[in-house]
Amino acid sequence: QVQLVESGGGLVQAGGSLRLSCTASGGTFSTSAMGWFRQAPGKEREFVAGISWNGGRTYYTDSVKGRFTISRDNAKKTVYLQMSSLKPEDTAVYYCAQDTKPIEVVQPDYWGQGTQVTVSS
């Protein structure tokens with residue numbers, strides 16, 4: 001039905017930058033809120049950033065505000081997460097998620113496989 005595929009993860013040094021991409025197929029991407037979540041070793045999966053259907057509203061967890069930027073390109077059915085000033089605490093598996101609701105990612109209906117981001121110090 002809906003498939004989300006992430007890319008762009010990898011190993012970076014603290015202070016570096018990385019851009020994650022998530023491309024969707026199927027479903028109604030252009031009318032769905034999208035978001036990024038992450039799960040660090042030994043921790044619960046947490047919300048990182050979200051974006052409304054047309055990019056008009058974005059929101060972030062406090063720990064990444066000013067460092068991460070979420071954006072989307074509906075023509076490409078792709079959502080991005082630009083990460084800057086990375087910290088070792090950002091190390092986690094990052095997941096792309098889609099919610100059929102248009103404004104906020106309240107309860108994701110679809111998830112990507114995840115991509116590993118490792119920040120060394």
Side-chain angles (χ1 to χ4, degrees):
Q1 188 176 359
V2 172
Q3 184 175 4
L4 305 176
V5 180
E6 302 100 331
S7 63
L11 174 64
V12 298
Q13 293 186 352
S17 299
L18 203 62
R19 188 178 77 161
L20 305 183
S21 298
C22 172
T23 299
S25 61
T28 54
F29 179 87
S30 62
T31 57
S32 300
M34 299 294 297
W36 289 94
F37 292 73
R38 66 186 181 187
Q39 186 167 22
K43 295 185 177 181
E44 295 290 319
R45 185 175 299 187
E46 67 170 342
F47 167 80
V48 176
I51 187 168
S52 62
W53 68 281
N54 64 349
R57 179 179 177 182
T58 58
Y59 43 98
Y60 306 85
T61 189
D62 288 343
S63 64
V64 308
K65 288 182 178 178
R67 299 190 298 118
F68 291 11
T69 301
I70 187 171
S71 61
R72 68 190 295 163
D73 184 337
N74 285 353
K76 297 181 178 180
K77 291 188 176 182
T78 300
V79 62
Y80 306 92
L81 184 66
Q82 177 65 50
M83 305 182 293
S84 300
S85 301
L86 284 163
K87 305 175 181 179
E89 306 92 276
D90 295 317
T91 295
V93 175
Y94 284 70
Y95 298 89
C96 177
Q98 181 175 328
D99 196 319
T100 53
K101 293 184 180 296
I103 307 301
E104 298 180 324
V105 180
V106 179
Q107 179 60 58
D109 297 292
Y110 307 100
W111 295 88
Q113 186 68 35
T115 185
Q116 176 71 48
V117 172
T118 302
V119 184
S120 62
S121 59

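Side chains are part of it too, since the values below use all heavy atoms of this structure and drop only hydrogens, waters and symmetry mates.
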Validate the cation-pi geometry between R72 and F29: distance from NZ or CZ to the six-membered ring centre under 6.0 Å, angle to the ring axis within 45°. yes
Quick check: does any side chain N or O of [X] sit under 3.5 Å from a backbone N or O of [Y], one acting as donor and the other as acceptor?
| X | Y | answer |
| --- | --- | --- |
| Y110 | Q1 | no |
| Q82 | R19 | no |
| N74 | W53 | yes |
| T91 | V119 | yes |

Return the [atom1] to [atom2] distance between [X] and [Y], rounded to the nearest 0.5 Å.
| X | Y | atom1 | atom2 | result |
| --- | --- | --- | --- | --- |
| T58 | F68 | OG1 | CZ | 14.0 Å |
| T61 | W36 | OG1 | CH2 | 16.0 Å |
| M34 | K77 | CE | NZ | 11.0 Å |
| I103 | T31 | CD1 | OG1 | 10.5 Å |

Decide if atom CD of Q113 counts as having more than 12 heavy atoms of other residues, nucleotides or ligands within a radius under 6.0 Å.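 Open.
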Residue pairs, two or more places apart or on separate chains, that pass disulfide bond (SG atoms under 2.5 Å apart) and touch residues 57-121: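 The answer is C22-C96.
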Sort and list the pairs that fulfil disulfide bond (SG atoms under 2.5 Å apart) and have at least one residue in residues 36-82, not counting sequence neighbours.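 Found none.
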Got a sec, which residues hit salt bridge (charged side-chain N to carboxylate O under 4.0 Å, His left out) with E89, two or more places apart in sequence or on another chain? none
Partner set under salt bridge (charged side-chain N to carboxylate O under 4.0 Å, His left out) for K87, not counting sequence neighbours: none
Report yes if some heavy atom in the side chain of E46 is under 4.5 Å from a heavy atom in the side chain of R38; otherwise report no. yes
Salt bridge (charged side-chain N to carboxylate O under 4.0 Å, His left out) pairs, two or more places apart, involving residues 94-104: R57-E104
So which atom in A14 and which in S121 form the shortest heavy-atom distance, rounded to 0.1 Å? CB-CA, 4.4 Å
Taking all heavy atoms of G112 and all of Y95, pick out the closest pair and write down the distance. O-CD2, 3.6 Å
Of all residues at least two apart in sequence or in a different chain, which pass the side chain to side chain donor-acceptor pair (under 3.5 Å) check with D109? T100
